[in-house]
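The figures here come from the full heavy-atom set of this structure, side chains too, leaving out hydrogens, waters and symmetry mates. As the structure lists them, so they are numbered: ligands from 1, and atoms in each ligand from 1.
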Amino acid sequence: YKMPKAGEIKIRQVTSSEADQLMAFLLEHYYREEPLTAGTAPPEPTADDKEFLLSNIPHGTCFLAEEEEDLGNGSRIVGAVVAGPKDAGAPELMRREAAQHAGSKWGRILDVLSAVETGSDVCRRFNVPSSLHVHALGVNGELRGQALGARLMEAVAQRAREQGHRLVSVDCTSVYSARLMQRLNYELVHTLRYADHLDASGQQVVTPPPPHDSVQTFVLRL
Ligand code: ACO
């Protein structure tokens, strides 16, 4: 046994007993800044949104960045990624989900994600049976710029290969995540500008704060 060094950060899979810890991290370091969540009222994510993210844990496709604290005093979560499989039925499924939740905060978010799914249609576009889709990526604000986002995305790509997916896909709602995917050599396949996505009365469905201006869909071919 090797004593872990303080400050050392490891990437590992989220286990089924860690839903509460994962959600506590996401509430603090993901949802507050994520542009679709920040760009719809009220600011707090709804129960169906949180349930949806946590429902991905059993797929074995969610990972944590965990930092060792001093003198083996345990560890804390400093980053997380939530991913899950999708197939060519995704656009249809998303349209139904968005219609079902119409009128709520989660409904507005799904309305945007459904438009993105219809426009990007990644499984049909690349003629593959499935994609491992990244739903959420967050890093503790104090530890950004240290490649933790990149390491979490690499863990997802590795798991996607093991599970036989031929694509990793991600809808980047933030300029920061979009820049990260560009650096990781993901291909940009679709852009939806927030200013162009309007509801029936001509209002923007989501109004994220600057500098975020669009959802950019990226893929990595495996
Ligand atoms: N605000 C300000 N600066 C940032 C942010 C941010 N949200 N994110 C990264 N940066 C800066 C970094 O500090 C770094 O600066 P430096 O070059 O001066 O050191 C530079 O941008 C590059 O950072 P990365 O290494 O690419 O960022 P990292 O992987 O650490 O974090 C992440 C990226 C995870 C997207 C982070 O911005 C975050 O947690 N955001 C909040 C949640 C969110 O919006 N997630 C993405 C939504 S899309 C999706 O989830 C699929």
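The heavy atom nearest to atom 41 (C) of ligand 1, out of those in Met181, Arg151, Arg32, Arg144, is found in Arg144. Summarising the contacts of atom 1 (N) of ligand 1 with Phe218, Tyr31, Tyr176, the nearest heavy atom is found in Tyr176.
Geometrically, ligand 1 and Arg183 share a nitrogen or oxygen pair separated by less than 3.5 Å. Residue Val134 has no nitrogen or oxygen atom sitting less than 3.5 Å from a nitrogen or oxygen atom of ligand 1, judged on distance alone. Residue Val139 has at least one N or O atom closer than 3.5 Å to an N or O atom of ligand 1. Checking only distances, Leu137 does come within under 3.5 Å of ligand 1, N or O to N or O.
Lys105 and Thr40 share a donor-acceptor pair across their side chains, judged by distance under 3.5 Å alone. Between the side chains of Arg95 and Thr118, at least one donor-acceptor pair of N or O atoms lies under 3.5 Å.
No more than 12 heavy-atom neighbours from other residues, nucleotides or ligands sit within 6.0 angstrom of CD on Glu142. For Asn127, the CG atom sits in a loose shell: 12 or fewer heavy atoms of surrounding residues, nucleotides or ligands are nearer than 6.0 Å.
A salt bridge links Arg221 to Glu187: one of the charged nitrogens lies within less than 4.0 Å of a carboxylate oxygen.
Under a 4.0 Å criterion applied to the non-hydrogen atoms of Pro35, ligand 1 contributes the atoms 44 (O).
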Side-chain donor-acceptor pairs under 3.5 Å in residues 211-220, sequence neighbours left out?
unit_1: His212; atom_1: ND1; unit_2: Val175; atom_2: N; d: 3.1
unit_1: Gln216; atom_1: NE2; unit_2: Thr191; atom_2: OG1; d: 3.3
unit_1: Thr217; atom_1: OG1; unit_2: Asp171; atom_2: OD1; d: 2.9

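Within 4.0 Å of atom 44 (O) of ligand 1, at least one protein heavy atom is present.
With respect to atom 19 (O) of ligand 1, the closest heavy atom belonging to the protein is Gly145 CA, 3.9 Å. The single protein non-hydrogen atom nearest to atom 47 (C) of ligand 1 is Thr173 OG1, 3.4 Å, given as residue, atom name and distance.
Looking at residues two or more places apart in sequence or on another chain, you find no side-chain hydrogen bond (donor to acceptor under 3.5 Å, both in side chains) involving Glu44.
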